[in-house]
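Read through the structure below, which is laid out as structure tokens, and then see the notes.
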Amino acid sequence: MAKIVCVLYPDSAKGHPTTYARDSVPDIRSYPGGQTAPSPNAIDFTPGHLLGDVSGELGLRKFLEGAGHTLVVTSDKEGPDSALDRELVDADVVISQPFWPAYITRERIEKAPKLKLTLTAGIGSDHVDLKAAAERGITVAEVTYSNSISVAEHSVMMMLSLVRDYIPQHDIARNGGWDIADAVARSYDIEGLQVGVVAAGRIGLAVLRRMKPFDVGLHYYDFHRLPKEVEQELGLTYHPSAEALAAVCDVISIHTPLTPATEQMYDAAFFAKMKRGSYIVNTARGKLIHTDALVEALKSGQLAGYAGDVWYPQPAPADHPWRTMPHNGMTPHTSGTSLSAQARYAAGTREILEDFLGGKPIRDEYLIVSGGGFAGTGAHSYDVK
Ligand code: NDP
């Protein structure tokens, strides 16, 4: 029987919800491109309920304990005396989420001799030392596509919010004010702007598709060009580098995976190549950006705004400079954990566990590392180019 350690974000200080704003979420069966949504044998949760916090337990307890396995759920993941570190020593499986990442470092892997699977409930397994996992023969899997559209929607929301300067206007309304001159002093239309996406994979392409009706110029950079029909359908301009794209765009949305090659690729030199007054949206990973250079670019006006959903480390400390830098529209890594997304990644987590614990192969689409190297989706998305 296996021991599964599940690291989830803490319950709200107000407690786990007992009522919800809506009664249901749509049942999405497949994703763009044809991949089918998770298909576990059964689920023991109500789609649309909060599953990603400690009390939500990803809806796994009945299934795992019913089959005789042990489930430990905790949010305590920092420092050598954390519950995660204490439980890791005899764990077979660790489940974590990018929103509250349990950093599975080489040191932690060495302390976990029985560990066979690290499972990301969501997408983005860069919090796992993939090389160390491969060397130990540990499988790394994630629920590919489960929240890609959720993140794409969040990116579009952030672009509109930044350009229209929505958040300060809402603050004025909420605080009893009516200073329209102040409210619109930084507010523009997005129509006619040049909007670029760096990395047109699952999320980036979904962003491009969603931005098309806004009558903007659409640009992208990726290692590989999209099919000609897609370029024509969306009226896309391809650029040979992120820098070339940034030089002509007013807004860029970043969707590059975090790898050793992309860490801090957006730095002072990159920002200097952009038009003065550009906007950046980043729902990919915080470590892609040079922390202090971003603050400087916003203070100097080189950038007119930055909205991001991702930080390093997570949770970000209370004095993280991105919390208070000018013209920011930061969120605390929520884009991929809407209640709609949770239903899919909880189901996908269950599907992966059913297969792994039942001795069956995990869907190739979900594999990042397997058999000592990158595998499945990981071979494409995580292998350093
Ligand atoms: P995909 O693997 O579908 O797409 C990534 C794309 O990036 C691929 O087209 C790949 O190109 C391209 N690429 C890789 N490296 C570079 C580079 N250096 N420059 C330009 N293009 C590059 O990933 P997703 O769209 O699903 O996700 C993107 C990222 O978003 C994830 O890595 C993750 O970090 C983040 N994410 C964030 C979430 C959140 O909650 N905020 C949730 C989910 C994901 P090619 O195919 O040619 O190799």
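One-based numbering, in listed order, for ligands and for the atoms of each.
At a heavy-atom distance under 4.0 Å, only side-chain atoms of N147, from C-beta outward, approach ligand 1. With a 4.0 Å cut-off on non-hydrogen atoms, I203 touches ligand 1 through its backbone as well as its side chain. When non-hydrogen atoms are compared, ligand 1 lies under 4.0 Å from the side chain of F99 (C-beta onward) but not from its backbone. Only the side chain of H333 comes within 4.0 Å of ligand 1, counting heavy atoms alone; its backbone N, CA, C and O stay farther away.
Residue D222 holds the heavy atom nearest to atom 6 (C) of ligand 1 of all those in V198, T256, D222. Considering each of T334, T262, T337, L245, the one bringing a non-hydrogen atom nearest atom 18 (N) of ligand 1 is T262. Distances from atom 3 (O) of ligand 1 to the heavy atoms of H224, R285, R202 put R202 nearest.
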* Asked: So D250 and K275, salt bridge (Lys or Arg N to Asp or Glu O under 4.0 Å) or not? Walk me through it.
  -> CA-CA 7 Å; D250 303 288; K275 294 187 209 170; 3.0 Å; yes
* Stepwise salt bridge (Lys or Arg N to Asp or Glu O under 4.0 Å) test for R136 and E110 -> CA-CA 9 Å; R136 256 281 305 281; E110 281 165 6; over 6 Å; no
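Not a single heavy atom of P98 lies less than 4.0 angstrom from ligand 1. Between G122 and ligand 1 there is no heavy-atom distance shorter than 4.0 Å. Residue H154 places every heavy atom at 4.0 Å or more from ligand 1.
With respect to D92 and K3, no salt bridge is recorded, no charged nitrogen being found less than 4.0 Å from a carboxylate O. Salt-bridge formation is detected for the pair D189/R164: a Lys NZ or Arg NE/NH1/NH2 atom is positioned less than 4.0 Å from an Asp or Glu carboxylate oxygen. R363 has no carboxylate O lying under 4.0 Å from a charged side-chain N of D355, or vice versa, which leaves the two without a salt bridge. Remark: R61 does not engage D44 in a salt bridge, criterion side-chain N to carboxylate O under 4.0 Å. At a threshold of 4.0 Å, the pair R106-E135 counts as salt-bridged, since one of the basic side-chain nitrogens sits closer than that to a carboxylate oxygen. Salt bridge status for R29 with D27: present, with a side-chain N to carboxylate O gap under 4.0 Å.
Near S381, meaning under 4.0 Å from one of its heavy atoms, ligand 1 places the atoms 2 (O). Numbered from 1 in the order shown, with element, the atoms of ligand 1 that lie under 4.0 Å from a heavy atom of G336 read 40 (O). The atoms of ligand 1 that sit less than 4.0 Å from any heavy atom of F223 are 11 (O), 13 (N), 14 (C), 15 (N), 16 (C), 17 (C), 18 (N), 21 (N), 22 (C), 47 (O), 48 (O). Shown in contact with S335 at under 4.0 Å from a heavy atom are these atoms of ligand 1, numbered in order with element: 39 (C), 40 (O), 41 (N). Close approach to D309 involves these atoms of ligand 1, each under 4.0 Å from a residue heavy atom: 41 (N). Each of the atoms 3 (O), 4 (O), 6 (C), 9 (O), 25 (O) of ligand 1 lies under 4.0 Å from some heavy atom of G201. Here is the list of ligand 1 atoms found below 4.0 Å of a heavy atom in A284: 30 (O), 34 (O), 35 (C), 37 (C). Below 4.0 Å from some heavy atom of V151 lie the following atoms of ligand 1, by number and element: 38 (C), 39 (C), 40 (O), 42 (C).
Close placement of the H49 and Y20 rings is indicated, their centers lying within 6.0 Å of each other.
Under the 3.5 Å distance criterion, with hydrogens and angles disregarded, a donor-acceptor pair is assigned to the side chains of Y9 and T337.
The aromatic rings of Y221 and Y238 lie tilted to each other, with the angle between the two planes from 30° to 60°. Ring orientation note: the planes of Y145 and Y31 are close to parallel, at an angle under 30° on the 30°/60° scale.
Ligand 1 has no nitrogen or oxygen under 3.5 angstrom from a nitrogen or oxygen of H255.
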